[in-house]
Every structure is written in structure tokens, then in C-alpha cells.
Amino acid sequence: MAALLLDASDVRALLTPEDCVAVLEEAFATFARGTVVQPLRVVAWRPDEHGAMASMPAFIGEPPILGAKVIAVFPANRSRGIPSHQGVVVLHDPEDGRLLAILDAGAVTSLRTAAASALATKILANADATVLALLGSGEQAREHLRALCTVRPICEVRVWSRTPGHALEFAKRALDMHGLTVRAAKSAEEAVRGAEIICTLTAATAPILRGEWLAEGAHVNAVGASTPAFRELDAEAVARSRLFADSRASLAAESMDYLGALKEGAIGEDHLLGDLGDLVTGRVRGRTDHREITLFKSLGLALEDLAAARMVLQRAREQGRGTPLALGGE
Ligand code: NDP
């Protein structure tokens with residue numbers, strides 16, 4: 001069987017947000033069982049920190065798959081009208097290393113990141129949470145809006161963005177494409193006050209979410225700051241919350257939301273209660289009370305990319321989609 005090239009339109013046609021949540025639920029259960037090998041991400045920054053290249057290999061044991069995401073991240077690309085995340089996910093046969101597929105990493109990344117937040121929200125947010133605040137208006141904000149609507153009956157959405165026109169454009173697009181009314185807020189505080197689910201989805205390098213704004217019972221998905229160069233949450237937001245992460249190792253190595261709060265003395269290392277694998281398998285209790293604030297810190301894992309990509313490849317083969325490549329294969 002020839003290796004397949006699967007572009008962004010293939011990825012989006014073959015994997016819905018709902019399906020991706022289910023795929024990740026299984027992948028995190030596998031992670032909890034200890035059959036995933038996943039070193040920390042390796043990142044090479046340009047000396048001026050204008051952009052970086054990251055490499056994320058992994059092996060998933062059940063069912064077995066081997067692969068990696070290689071991705072360039074250029075946060076200022078939005079002003080040029082091109083995506084900030086560009087690269088590929090490669091899947092290889094776990095028995096002999098043959099190349100199986102090359103997929104568009106931008107599409108896989110936005111789908112799996114929003115699905116991880118949706119999975120955390122499904123487990124941690126109050127069941128009656130309907131008011132959503134999005135901080136940021138880029139690719140992740142678009143995808144989070146779609147994914148979160150699949151796990152809670154969202155009926156009020158606020159969006160804030162550093163560039164006010166971008167929040168207005170986001171609101172217009174949500175109405176045109178999904179028939180959803182989204183209110184563009186003038187400040188992050190205005191968006192967050194009274195919200196029941198809050199997603200931080202920016203490339204901010206200093207906190208944009210303050211703990212004092214969070215209502216009792218809120219759930220936060222903190223997504224944007226996935227390397228130590230970025231930070232979105234102040235120490236109080238972390239300290240007030242029951243904290244969970246996608247991976248304990250990634251949190252300790254890569255999260256300035258967490259490390260900043262630790263350094264400022266607002267929390268101790270025991271503040272982290274568990275990872276998404278612990279929550280999915282019920283090993284650790286998520287929310288214990290309607291008034292608690294819960295926080296899911298997403299760093300982004302290769303296992304999410306590989307699990308999503310494997311499902312896309314399986315469906316591409318079933319449906320005869322994708323472009324055969326004269327690379328690897330048989
Ligand atoms: P986009 O480039 O599409 O959007 C970036 C958003 O960040 C825009 O809303 C922009 O606001 C905002 N922003 C940029 N700089 C700042 C700043 N200094 N202060 C406040 N807001 C800022 O990126 P994506 O949506 O694809 O990604 C968003 C973030 O999520 C990135 O930091 C990315 O690295 C991270 N990410 C995390 C993943 C994970 O697994 N945890 C996976 C993928 C991405 P405006 O346009 O209004 O100026």
C-alpha cells in the first residue's frame with residue numbers, strides 16, 4: 001500500500017470535532033496505561049525569537065503507531081494573512097518504519113488542540129455551563145468555538161482580541177458560518193466576568209487573564225502559552241483553580257502559566273492534581289463541587305497529533321481519499 005499525502009481539506013473532511021474528542025479520549029486512556037513513549041518537544045528558535053521549529057515524535061502502543069509532528073510556528077504570520085502554524089505530521093509503520101502518510105499539521109493541530117480542550121471541558125466544567133468567553137480570535141479560537149459547542153449547550157459567546165477589529169471579524173464570521181451570535185468584548189475582563197467556560201487562545205507573553213475576574217464554578221482551558229516564552233494567566237488564576245494538565249512532564253518543563261505561579265510563591269508543586277489521562281480513566285477526581293474553579297493547562301502533545309492522524313489515515317484508506325506518494329510504502 002502506497003503512502004498517502006493528506007492535505008488540510010482531507011483532514012477536515014475525514015475527522016469531525018466530535019470524532020476527534022472520542023479519539024483523544026481513547027488516546028489519553030492509553031497514555032494513562034503507560035504505553036505511550038513521548039519525549040518532550042524539541043524547539044529551535046530563531047535568535048530574534050520571530051519564529052521557531054518544533055519536533056514532536058512519539059510511539060503509541062495501543063494500537064501501535066509511530067510518527068512525529070514537525071512544525072514551524074511564526075506568531076506574527078496573521079498580519080501577513082498566512083497561518084502561524086505550518087508543517088507536517090508523518091506516520092510510520094511501527095513494525096518496520098515504512099512511511100504510511102504525510103498530513104497537513106496546521107489542520108491536525110487546530111482540530112486536536114480544540115478537541116483536547118473540549119474533552120477537558122466535558123469532564124471538568126459544570127454540566128449547566130452555557131456562557132463561553134474566548135480570549136483570542138485566531139485559528140484556535142475558531143476551532144474551540146466549534147468543538148466546545150459539541151460538549152456543552154453554549155448559548156452565549158463573548159470574544160476578546162488584542163486587535164479589536166479581529167474580534168469584530170470573528171463575531172461576523174461566526175454568525176455567517178454557524179449562525180451563532182458572538183459578542184465582541186472591549187476588554188478581556190469584560191469577556192471573562194460571569195463566563196462559565198473561558199479559553200485563553202493567544203500568543204501573549206504576559207498575563208491576559210486575571211484570577212480576580214473568574215466567577216465561582218468557572219472552567220478555564222489555558223491553551224495559548226505552550227512554550228516557556230509565553231504566558232497568559234496570572235498567578236491568582238492558577239492558585240484559585242483545581243489544576244490539571246495534558247501532561248505532568250510538559251507542564252513542569254514548558255508552562256510559564258504554572259512555573260510563573262510557582263516562582264511567585266502562589267502555589268506549590270502539589271497544586272497539580274493530575275493529567276487528562278487520570279481524568280479520563282477516573283483515577284483522579286475532577287470537579288468536586290459546583291462552585292470550584294477548574295483549570296486545564298494544555299501544552300499540546302505528540303500523542304494527540306498521532307492519534308488524530310491515525311484516524312484520518314484509516315478513513316482515507318476506507319474512502320479512497322488522499323494522494324498516493326512514491327515514497328516509502330511497498
Ligand atoms: P493565530 O496566529 O491564529 O492567532 C493568535 C491570536 O493571539 C490572535 O487572536 C492574536 O490577537 C493573539 N495575540 C498574539 N499576540 C498577542 C499578545 N502579545 N497579546 C495578546 N494577544 C495576542 O494563532 P492560533 O490561534 O493558531 O494559536 C493561538 C496560540 O495557541 C498560539 O500561542 C499557539 O502557539 C498556541 N497553540 C497551542 C497549542 C496547544 O496544544 N496548547 C496548539 C496550537 C497552538 P490579534 O490578532 O487580535 O492581535
Side-chain angles (χ1 to χ4, degrees), residues 28 31-32 36 38-45 49 52 54 56 73 75 113 116-117 119-121 123-125 133 135-136 140 188-189 192 195 197-280 283-289 291-304:
F28 275 100
F31 188 38
V36 173
Q38 178 178 244
L40 284 170
R41 156 171 47 214
V42 177
V43 184
W45 280 93
E49 298 191 349
M56 301 164 67
V73 181
T113 307
S117 295
L119 178 58
T121 303
I123 299 169
L124 293 172
L135 305 186
Q140 284 299 334
E189 179 175 0
V192 169
I197 301 170
I198 297 110
C199 301
T200 63
L201 308 157
T202 73
T205 51
I208 49 147
L209 175 63
R210 307 223 166 268
E212 63 181 275
W213 304 339
L214 294 170
E216 277 188 351
H219 170 68
V220 179
N221 296 305
V223 176
S226 54
T227 73
F230 299 95
R231 184 173 179 185
E232 297 188 295
L233 273 54
D234 73 356
E236 188 179 344
V238 181
R240 284 190 68 198
S241 306
R242 278 176 72 76
L243 172 65
F244 301 90
D246 46 10
S247 145
R248 290 168 185 268
S250 299
L251 185 85
E254 298 173 340
S255 172
M256 272 319 277
D257 292 332
Y258 170 72
L259 294 170
L262 210 55
K263 195 170 156 207
E264 289 156 27
I267 59 167
E269 282 175 8
D270 59 352
H271 194 67
L272 174 67
L273 298 175
D275 62 29
L276 201 42
D278 294 324
L279 290 171
V280 162
R283 211 152 58 184
V284 171
R285 202 156 163 216
R287 172 177 292 280
T288 63
D289 173 320
R291 287 170 307 164
E292 279 171 345
I293 296 170
T294 51
L295 166 59
F296 169 61
K297 179 60 213 144
S298 162
L299 278 313
L301 306 178
L303 88 91
E304 300 168 339

Test item: [X] side-chain N/O and [Y] main-chain N/O as donor-acceptor pair under 3.5 Å:
| X | Y | value |
| --- | --- | --- |
| Lys297 | Ala245 | no |
| Arg242 | Gly286 | yes |
| Asp234 | Gly211 | yes |
| Asp246 | Ser298 | no |
| Lys263 | Met256 | no |
| Asp257 | Leu233 | yes |
| His271 | Ala261 | no |
| Asp278 | Arg283 | no |

Where is the tightest heavy-atom contact between [X] and [Y], given as atom of each residue plus distance?
| X | Y | result |
| --- | --- | --- |
| Arg287 | Ala218 | NH2-O, 3.5 Å |
| Gly277 | Ala32 | O-CB, 3.7 Å |
| Ala253 | Leu40 | CB-CD1, 3.7 Å |
| Arg248 | Leu272 | CG-CD2, 3.7 Å |
| Ala239 | Ile267 | CA-CG2, 3.7 Å |

Report yes if some heavy atom in the side chain of [X] is under 4.5 Å from a heavy atom in the side chain of [Y]; otherwise report no.
| X | Y | result |
| --- | --- | --- |
| Val223 | Ser117 | yes |
| Asp275 | Phe31 | yes |
| Glu212 | Glu236 | yes |
| Ser255 | Leu299 | yes |
| Phe230 | Glu254 | no |

ask   = Which of these, Val220, Leu251, Thr294, sits in a side-chain contact (heavy atoms from CB on, under 4.5 Å) with Leu243?
value = Leu251
key: Among Leu209, Leu135, Thr202, side-chain contact (heavy atoms from CB on, under 4.5 Å) partner for Glu232   = Thr202
Reported [atom1]-to-[atom2] distance for the pair [X] and [Y], which is rounded to 0.5 angstrom:
| X | Y | atom1 | atom2 | result |
| --- | --- | --- | --- | --- |
| Leu201 | Thr113 | CG | OG1 | 10.0 Å |
| Phe296 | Ser241 | CZ | OG | 13.5 Å |
| Leu214 | Glu216 | CG | CD | 11.5 Å |
| Glu304 | Leu276 | CD | CG | 7.5 Å |
| Leu303 | Met56 | CG | CE | 9.0 Å |
| Arg41 | Ser250 | CZ | OG | 6.5 Å |

query = Between Arg285 and Glu292, is there a side-chain N and carboxylate O pair less than 4.0 Å apart?
reply = no
inquiry  = Please determine whether side chain to side chain contact (heavy atoms under 4.5 Å, CB included) holds for the pair Thr227 and Trp45, giving the CA-CA distance in whole Å, both sets of side-chain angles, and the decisive distance to 0.1 Å.
reply    = CA-CA 11 Å; Thr227 73; Trp45 280 93; 3.8 Å; yes
inquiry  = The test is side chain to side chain contact (heavy atoms under 4.5 Å, CB included); show your working for Leu295 and Tyr258 and say whether it passes.
reply    = CA-CA 11 Å; Leu295 166 59; Tyr258 170 72; over 6 Å; no
inquiry  = Between Phe244 and Val284, is the side chain to side chain contact (heavy atoms under 4.5 Å, CB included) condition met? List the steps.
reply    = CA-CA 10 Å; Phe244 301 90; Val284 171; 3.9 Å; yes
query = Going by atom types alone, do Asn221 and Thr121 pair a side-chain donor with an acceptor below 3.5 Å?
reply = yes
